[in-house]
Number of protein chains: 2
Amino acid sequence: MDAIAFKDKLKRYGYKLTTQRRAVLDVLIQRPGEHLSTEEIYSYVKESFPEIGLATVYRTMQLFEEIGIVNRLNFDDGCSRFELYVDNEDHHHHHLICEKCNKVFEVENDLLEEIEKEIGEKYKFYVKNHKVTFYGHCQECNEH
Amino acid sequence: MDAIAFKDKLKRYGYKLTTQRRAVLDVLIQRPGEHLSTEEIYSYVKESFPEIGLATVYRTMQLFEEIGIVNRLNFDDGCSRFELYVDNEDHHHHHLICEKCNKVFEVENDLLEEIEKEIGEKYKFYVKNHKVTFYGHCQECNEH
DNA sequence: CCATAGTTTGATATTAACTATCAATTGACA
DNA sequence: TGTCAATTGATAGTTAATATCAAACTATGG
Ligand SMILES: [Zn+2]
Ligand SMILES: [Zn+2]
Ligand SMILES: [Zn+2]
Ligand SMILES: [Zn+2]
């Protein structure tokens, strides 16, 4: 996401482009696949923008979620984590959590269209999004 | 789950049967499909067992999760919710959350075997469980 | 049934993620 | 550049959940 697209998206929702919001987005762009918590994002942003306040990062993540820039993830570790929402993915990817080493893996394949179609027909529920997490054991933990 | 099966399960994991644990289980059995929070369970248990402490209910839910009596659910409303784990379900059911009225619906059909098989082959990740939530609009909210 | 030892409980203090408040600052637009 | 509403940073407040610890209870074996 470049500066112009970012400003446009904010404007479309009635929000302003600020240095702080840009700095938070930059951290997310520079660290793909890390599933960062708000506190982690805060500490990374501080490297390039030491004046930023923690409350601003919390507010920014809420705003980014609202306007569809990030997905809020819940890995049951007591805090929200975030990843950039990628437009050209049909749906965002799934997560595999290893119950032994707690590593998080990503699954690109979606395959839920079938199920969502059935839910629409059977329950008359229009599915807009989904969150899918698989729990189990990763290759490394199975071998050792 | 009857008293004997309950006591056996606790014993198998090295835990004791207490009046408090039995009282918490009874609330869950008497209120299927309600996705209760810990505080809600606490207030229901107090009706039949006023001396119980909130900390005990938190500890009991943790223990019930550990020994597979309940599923811990996360509906992004700031607290964990719980439902009885039903043994003879192949996997527990899925949840549909309406983003307009916030009602939670249940989907019995699973259909994830295919995906889990693929994950096992492609990522060498052995799937033991999954959590699936669909977000969208329910029938009532679509019509009005 | 009773004594014992280890577990569990209830009350309460503490933690930690997150939100609310508010004066000062900043960004968008004319 | 001036105006004004939006945003920020510092900090206080909130709340779900955990830690602590003395008292009470449960399982077990005699
Ligand atoms: Zn692992
Ligand atoms: Zn991810
Ligand atoms: Zn609805
Ligand atoms: Zn359910």
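Every chain is numbered from 1, with letters handed out A, B, ... down the list of sequences.
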Check your understanding: Is there a donor-acceptor contact under 3.5 Å linking the side chains of B/Glu106 and B/His94?
Key -> no
Can you see if the side chain of [X] gets near the phosphate of [N] - specifically, an N or O under 4.0 Å from OP1 or OP2?
X       : N      : answer
A/Tyr58 : C/dC18 : yes
A/Gln20 : D/dG9  : yes
A/Thr38 : C/dA17 : no
B/Thr18 : C/dT9  : yes

Revision key, fill the gap. Of B/Tyr15 and A/Tyr15, the one whose nearest nucleotide on DNA chain D sits closer to the 5' end is A/Tyr15
Point to revise | Nearest-angstrom distance from the residue atom CG of B/Leu63 to P of D/dA17 | key: 16 Å
Check your understanding: Could you state the CD-P distance from A/Glu65 to C/dC18, rounded to the nearest angstrom?
Key -> 11 Å
Review point. For the side chain of B/Lys100 and the backbone of B/Gly136, is there at least one donor-acceptor N/O pair under 3.5 Å apart?
Key: no
Review point. Listed in order of residue number, which residues of residues 3-10 of chain A have a non-hydrogen atom at under 4.0 Å from DNA chain C?
Key: A/Lys7
Check your understanding: Above 12 or not: heavy atoms from other molecules or residues under 6.0 Å from CD of A/Glu114?
Key -> no
Exercise for review: Answer with base, sugar-phosphate or nothing: what part of the nucleic acid does A/Arg21 contact at a heavy-atom distance below 4.0 Å?
Suggested key: sugar-phosphate
Practice item. Check the pair B/Leu96 / A/Phe125 against side-chain contact (heavy atoms from CB on, under 4.5 Å), numbers first and verdict last. Key: CA-CA 8 Å; B/Leu96 311 180; A/Phe125 187 98; 3.7 Å; yes
Exercise for review: With the side chain counted from C-beta on, respond yes when B/Glu34 and B/Tyr44 share a heavy-atom pair under 4.5 Å apart, and no when they do not.
Suggested key: yes
Exercise for review: Give a yes or no on whether the ring-centroid distance for B/Tyr135 and A/His130 is below 6.0 angstrom.
Suggested key: no
Revision key, fill the gap. From the candidates C/dC18, D/dG9, C/dA28, the one with an atom nearest any side-chain atom of A/Lys16 is C/dA28
